[in-house]
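Reviewing the structure listed below.
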Protein chains: 2
Amino acid sequence: MHHITKKIGSELNPNVSVDCVIFGFDLEQLTVLLIDRGEIPSGSRPRMALPGNLIYDNENLDQAANRVLAELTGLENIYLEQVGAFGDPDRIHKESDREWLKTIRAEPEARVITVAYFSLVQMAHYKPQASSFAKNADWIPVNQISELAFDHFEILQEAKEKLKQKIKIQPIGFNLLPEKFTLSQLHRLYESILDKPLDKRNFRRKIQKLDILSSLREKQKGVPHKPSLLYEFNEEKYQELTQTGFDNFGF
Amino acid sequence: MHHITKKIGSELNPNVSVDCVIFGFDLEQLTVLLIDRGEIPSGSRPRMALPGNLIYDNENLDQAANRVLAELTGLENIYLEQVGAFGDPDRIHKESDREWLKTIRAEPEARVITVAYFSLVQMAHYKPQASSFAKNADWIPVNQISELAFDHFEILQEAKEKLKQKIKIQPIGFNLLPEKFTLSQLHRLYESILDKPLDKRNFRRKIQKLDILSSLREKQKGVPHKPSLLYEFNEEKYQELTQTGFDNFGF
DNA sequence: TGGCATAGTGTAAAATTGACACAAAGCTCT
DNA sequence: AGAGCTTTGTGTCAATTTTACACTATGCCA
C-alpha cells in the first residue's frame, strides 16, 4: 500500500498523476524499479507497473515526481527528468485496473493524464525489501520487460529513448554508477543504454579524451581476474567542458 | 475570441490545457505564431500568448493539440511534437490573466497543467488576417520575443531547445520550407534554428552528401541576382537512410 | 604452477571537419 | 549596352576523428 503524505491545506488533483521510470544499473544491464500489484481480481492483466501517484494541487510536477520517488525509495536529490505527458482518454480501460486504482488513488473513474519522469539512481542505494511499506518493488532488467499495466510500457519505451538521446549530450550515466567505478563498467553501461556494442579501445580512448574522469590510485579488490583501476566522475572538469558550449559526446 | 468546437457528449477538462508553439520561417528567420490578447484590464501584463486551450475529456493530447492548431489556422496534418508538461501551481498568478482566461476558458480559478507542443508549418500556408475569427494572431520573429503571458516564455525556450536537438537527429526542417526551396534558404533555416553561423560550403557539402534532396531542373525567377537552383526534400531517400539506423545529422 | 578471466594498450587507413576566396549569373540602373 | 550590385556555386588542403583490429599483463583459483 502506498504511503501518501497528506499535506495540510492541499488536495489531490484527480486528473493528473506522475509516473516514474526509475532506472538502475546492476553493472551488467539497465534495470527499472517496478512495483508488483499482486494478484489482480479479474483476469491476467500485467501485474507490474511503474510507481506513480496523483499530484497535489499545491506542488509542481517536479516536486510530485520527487515525492513519488522519495515515498517509494526514501531517496532524495536524485537525477530526474521529464519524459512527457501521456493522456489517452482510455488509458485506464480495464475494470481490474480501476479496482486496483481504488486502492491507491481517489476517483479511479476520472480520466487521468499522467506526466512521466525518468530518474537515475545507484541501485545499491535502494534494495527493495518485501517487508517494506513500499509494497513489492523490484529491479527488473529493462530488456526482460514485455508488458506493463496501463500505458506504462509505452512510457518505458519513451523513457529509454529519451535516456539514449540524453546520454549522447550529457554524461548523466554516472548517476547510475557507484562513486568509484571501472572503465569496463562505464563501457557496459553505455552499451546497455545505447543498445549496441561499442568497441572497447575506442570507447576508452573517447571517454578519456573528454577528461572528465579522475583516476584513483586504487584497484578493484576480490575479483577473480586482473583488477581494474577505479575512477570517479569529475564534476569540475565537466563544468569546464560545458562552459565551452560543448554538448556532444558523440556515441 | 476563440472558437471552441463543442463536441457532443464531451466535457472540457478544467485542469489540463494544451499550448502550441507554432514555428514558421520567413526565409530570413524563425518565427512563432502568437495571439494578441488585446488591452488587458489591469496593468501592463504581456499581451502576447501562445495559442492554447483546455482539452476535452474524450480526446487525447495529440488530438487536442491538432485541434488547437486547426481552430487557429485551419491547417491539418501538420508536424507536431510534444515539448512537455508545465504545471507550477502558480502558473496563473495575475488577476488580469484570470480575467482574460474567463473569456476563453471555463473555470479560470482552477490549477491548470498545460501540455506544450511545437509544430512546424509553412508560413505561406497561414496568413493571419485581422478579420479572422481567430482573433489577432501574428507571426513574430523568435528573437524579438522577450516576454509572454503566463509561463509561455519558458515554454517557448524549451520548444526552441527541443527543436534544436531534434533537427540534429531528423531533417524536420523541411516542414518549415515551401516544397521547392534553395540551398541558401535551407542553410539560413539551420542557422536560425541552431542559432549559430554555419560555413556555407561545408553546409552544402554535408547536406548534399546525405542525398535526401532532389535537385530540380528549375531556377528561381525574378530575383535581382544570380538565380538559385531549386530543390525538394526526397522522402523516399530519407526513408532509405533511416532504415540503416542513421540518426545523426551532426550539425 | 598452469589455467582462467578480464584489464589495458597502439596503429594505420579512411572519413570527416574546418577554414578559406573567387568566378558566374542575372537584375537594375543609367 | 555596359557597369555595378547581389547572391550563387564551387575545391582543396590540413587537422581531427573514426573505425577496425589482437596481443600482453595481472591477479585469482584450483
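Chain naming here is simple, since letters A, B, ... match the order of the sequence lines and numbering starts at 1 in each. Excluded from the calculations below are hydrogen atoms, water molecules and symmetry mates; all remaining heavy atoms, backbone and side chain alike, are included.
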base_contact_polar (dT8(D) base, Lys226(B) side chain, donor-acceptor, <3.5 Å):
yes
Report yes or no: is there a donor-acceptor pair, N or O only, under 3.5 Å between the side chain of Arg201(B) and the base of dA21(C)?
yes
What do you reckon, are the aromatic ring centroids of Phe203(B) and Phe251(B) less than 6.0 Å apart?
yes
Within the structure, does a side-chain N or O atom of Ser184(B) lie under 4.0 Å from either OP1 or OP2 of dT7(D)?
no
Please classify the nucleic acid contact of Lys221(A) as base, sugar-phosphate, or nothing, using heavy-atom distances under 4.0 Å.
nothing
Answer whether the closest heavy-atom distance between the side chains of Glu158(A) and Lys162(A) falls below 4.5 Å.
no
For atom CD of Glu218(A) and atom P of dT26(D), their distance in whole Å:
19 Å
Could Arg37(A) and Phe150(A) be counted as a cation-pi pair, given that NZ or CZ must be under 6.0 Å from the ring centre and within 45° of the axis?
yes
Find the distance Arg204(B):CZ to dT17(C):C1' and express it as a whole number of Å.
18 Å
For atom CG of Asp199(B) and atom P of dA21(C), their distance in whole Å
11 Å
At under 4.0 Å between heavy atoms, what does Leu183(A) touch on the DNA or RNA strands: base, sugar-phosphate, or nothing?
nothing
Side-chain donor/acceptor of Arg205(A) to base of dT19(D), under 3.5 Å:
yes
Atom pair distance, as rounded to whole Å: NE2 in His187(B) and C1' in dG9(D):
13 Å
Between dT8(D) (C1') and Arg188(B) (CZ): distance, integer Å:
17 Å
In whole angstroms, the gap separating P of dA20(D) from NZ of Lys206(A) amounts to 12 Å
Ranking His225(A) and Gln185(B) by the position along DNA chain D of their nearest nucleotide, the one closer to 5' is Gln185(B)
Just by distance, no angles: are the side chains of Thr31(B) and Asp26(B) close enough, under 3.5 Å, to form a donor-acceptor pair?
no
Gap between atom NE2 of His152(B) and atom CE of Met48(B) - 0.5 Å precision:
12.5 Å
Taking N and O atoms by type only, does the side chain of Lys200(A) place a donor or acceptor under 3.5 Å from a partner on the base of dG8(C)?
yes
Tell me whether the OP1 or OP2 atom of dT6(C) has a side-chain N or O from Ser228(A) closer than 4.0 Å.
no
Which residue lies more 5' along DNA chain C, comparing Gly250(B) with Gly222(B) via nearest heavy atoms
Gly250(B)
Rounded to the Å, how far apart are Phe181(A) CZ and dA7(C) C1'?
16 Å
